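Each chain gets a letter, A, B and so on, in the order the sequences are listed, and its residues count up from 1. As the structure is a computational prediction, the values presented were derived from the model and not from experiment.
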Number of protein chains: 2
Amino acid sequence: MNDLTERQKFILTLVIHEYIRTATPVGSQHLVARYNLDMSSATVRNELAVLTERGYLRQPHTSAGRVPTEEGYRYFVSRLIQATELPDSTRRMISHQFYQMRHDVEQWMRLAASVLAHQSRAASLVTAPHPEKARLKHLELIATRGRQVLMVLVMVGGEIHQRILILSEPVGQERLSQVAHHITTLYHGKDAEQIRALRSLVEGLEADILEWVLEEMEHVDSVVAGEIYLDGLTNVLSEPEFTASDEARRALKLLEEPTLLQDLLARTVLTHSPGGVQVLIGGEGTWEELRQCSMVLGSYGAPGLVMGTLGVLGPMRMSYGRAISVVRFMSNLLSDLVSETLMDDSAIKSDEEVSHE
Amino acid sequence: MNDLTERQKFILTLVIHEYIRTATPVGSQHLVARYNLDMSSATVRNELAVLTERGYLRQPHTSAGRVPTEEGYRYFVSRLIQATELPDSTRRMISHQFYQMRHDVEQWMRLAASVLAHQSRAASLVTAPHPEKARLKHLELIATRGRQVLMVLVMVGGEIHQRILILSEPVGQERLSQVAHHITTLYHGKDAEQIRALRSLVEGLEADILEWVLEEMEHVDSVVAGEIYLDGLTNVLSEPEFTASDEARRALKLLEEPTLLQDLLARTVLTHSPGGVQVLIGGEGTWEELRQCSMVLGSYGAPGLVMGTLGVLGPMRMSYGRAISVVRFMSNLLSDLVSETLMDDSAIKSDEEVSHE
DNA sequence: ATTTAGCACTCTCGCGCTGAGAGTGCTAAT
DNA sequence: ATTAGCACTCTCAGCGCGAGAGTGCTAAAT
């Protein structure tokens, strides 16, 4: 399995580019005309034949142009693609937007999804930062009415969970605050397992509350990713291979199913480190519905503390260069933001502007 | 403008039903055959002619069947439709699901969106309960790192807002808790305006913090609705009038634009009371992109305290009976849930089961 | 030994045509 | 008032066909 010649690589690149542009099979004459190649269509034809035999291209039918195969895209992505960085002005603009709303993590997620979708012209998905193992940072209990209590749980890393408890009898706000404070000081920084080991430190009402806390924390641990933000579904919808095909419906249906997405993203989070970008072509790795789609996935976060996933999903015929660069950029940007803002224990130098009304 | 005869109403109903079922123009012979009418097709034809002249039906071209017009649907919805309640078993099942997760408002919203989408077989949208005027219930300040502080704001009605503050100098958790407690006791139950009037009660750090609180509360007031939950986009996508038409893209694009949705829902919230259901046909009321769509909207909540909107969006050729009944049902169900769980000041009798580990 | 020109061949796609089918409106009979 | 009958209209699926694009192969040229 010796390699392709330079010219073959070059031609493969051109075919892929052209197919991404036009969504129609590309022929030899078309190529020489459009790119002013200084060889004849016959030469190109020979090379196309080789590439086809190698499995990188295929013909929809005899005597039609060539279309890249999955392997073709894969070869292109892994060996041929050259890093197209986003223009500097764009990067600045995007960073600026993020730093303008440094106070709200949820808005970051939305903005990240929106930027990914716009820049890649595909559908995007982003998960909120999520701890690998939830550790308690702060507990708050707020009396609402009668026996009902609003429990607000802040995890190390900044994730917030809320839940309504129903006690067996009414308890005043004063007492609740005491309990919350006590639990917070006792178990600050501990994960569910550690808390469970030490739960005999409290009793009575406090023990009951702690049970709720544990339940919630274990629930948090059982979910692999935070909330999922989507954007740009309409982008992929308007691609020709999706209009009127029921392939579209199935793919979009997938995106409406949060559990499936969780699964999908879980693998990614586990299998690679932030900064790196993973490209899945044609639903690679058992995803029947996405056979026509590709994904470019990355992750972000502060390793060991909180992590999130982000990526774009488009037709297999998507602009990988653009997608990879924007995913990588956003991955780094969000990592920086998260580290700067949410980190807790580590001693990272901070030199943000003093903003204080 | 005298009214239609009974038979004309009857035939109009049949035409609409049949068109909703088949999505193809319906003709006279077809009607008599399918519904075993004891009149001839010629009679039906005459009536169809009348209905067409009145503007309730139209022919795509000479010698094709009839299709309902916007006015046709409107007449049908406002005067002909008979309330089709959801089967009792379904209602029970849905209620049960909700009461099973009484601890998490966010999950209610997701479930509500999901139920609406499934039952109506259209796209659904639900907004989280949102106060008309935010009133402070509880403030919590949590030290994170250096000068950074996580502010958690709980409003009367249960809405929670969080935000990261950056102080001019580090402040310990003890002090922060004090400040939060003080502000909570001073301004509990007050809205932004009232707090602003009384802000001279505090000074120094507390005054600074209060400024952030006010800013956030005023921001909350400026938004007309809570977070928006969508579901079932793929339902409407698979309708024949949407496949391959770029009408589809524009309509879905609308749903990706949160600000537009806010606008749209705002009108509804303002213009009618919970329990009532509003039907907008053909993007009635200036919504160009939705000319092919209809919406069935309702609202829910505890009047004066928190309100939310919910509804379904489908092709004009949607099953209004089903949609109206499910929207009404969900509207009432959510109202009950919200009242039972989130209400605060009013003295509503509560008789929930004692659930306490 | 490549590259290229030429050529015969294949396959798709858009076009116009056509006949079947569905539906209508009108008129006359019931 | 209703209905049977009928002539007419319009869509739509199917078909044939020619243009166009693309291929593979062979033989000549570099």
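- Taking side-chain N and O atoms only, A:Thr43 has a distance below 4.0 Å to OP1 or OP2 of C:dT4.
- One finds no salt bridge joining B:Lys253 and B:Glu256 here, because no Lys/Arg side-chain nitrogen approaches an Asp/Glu carboxylate oxygen to under 4.0 Å.
- Two residues are said to be in side-chain contact when any heavy atoms from C-beta on lie closer than 4.5 Å; A:Thr309 and A:Val126 fail this criterion.
- The nucleotide whose nearest atom lies closest to any side-chain atom of B:Ser63 is, among D:dT9, D:dG24, C:dC11, D:dT9.
- Put simply, CE on B:Met39 is 13 Å from P on D:dA4, counting in whole angstrom units.
- Distances were taken from every side-chain heavy atom of A:His61 (C-beta onward) to each of C:dT3, C:dC11, D:dG22; the shortest belongs to C:dC11.
- Between B:His30 atom NE2 and C:dG23 atom C1' there is a gap of 12 Å when expressed in whole angstrom units.
- For B:Gln59, no side-chain nitrogen or oxygen approaches OP1 or OP2 of D:dC10 to under 4.0 Å.
- Whole-Å rounding puts the A:Arg34 CZ to D:dG22 P distance at 14 Å.
- Side chains of B:Ser319 and B:Arg121: no donor on one and acceptor on the other come within 3.5 Å.
- Checking A:Tyr56 against A:Gln8 by side-chain atom types alone, no donor-acceptor pair falls below 3.5 Å.
- Protein atom CD of A:Gln29 is 13 Å distant from nucleotide atom P of C:dG6, rounded to whole Å.
- Contact annotation: B:Ser28 side-chain N/O to C:dT24 OP1/OP2 distance is under 4.0 Å.
- Applying the 4.0 Å criterion to OP1 and OP2 of D:dT3, one finds that B:Arg45 has every side-chain N and O outside that range.
- Between B:Asn46 atom CG and D:dA4 atom C1' there is a gap of 13 Å when expressed in whole angstrom units.
- Side-chain N/O atoms of A:Ser40 and base N/O atoms of C:dT4 include no donor-acceptor pair closer than 3.5 Å.
- Whole-Å rounding puts the A:Leu48 CG to D:dT23 P distance at 6 Å.
- What separates CG of B:Leu31 from C1' of C:dG23 is a distance of 12 Å, to the nearest Å.
- Listed pair A:Ser41 / D:dG22 fails the phosphate criterion, with no side-chain N or O lying under 4.0 Å from OP1 or OP2.
- Distance from the side chain of A:Arg7 is smallest for C:dT3 among the nucleotides D:dG24, D:dG22, C:dT3.
- Heavy-atom nearest nucleotides on DNA chain D were determined for A:Ala42 and for A:Ala64, and the one closer to the 5' end corresponds to A:Ala64.
- Checked for salt-bridge contact, B:Arg79 and B:Asp3 meet the test: a charged N lies under 4.0 Å from a carboxylate O.
- Distance CG (A:Leu51) to P (D:dG22): 17 Å, rounded to an integer number of Å.
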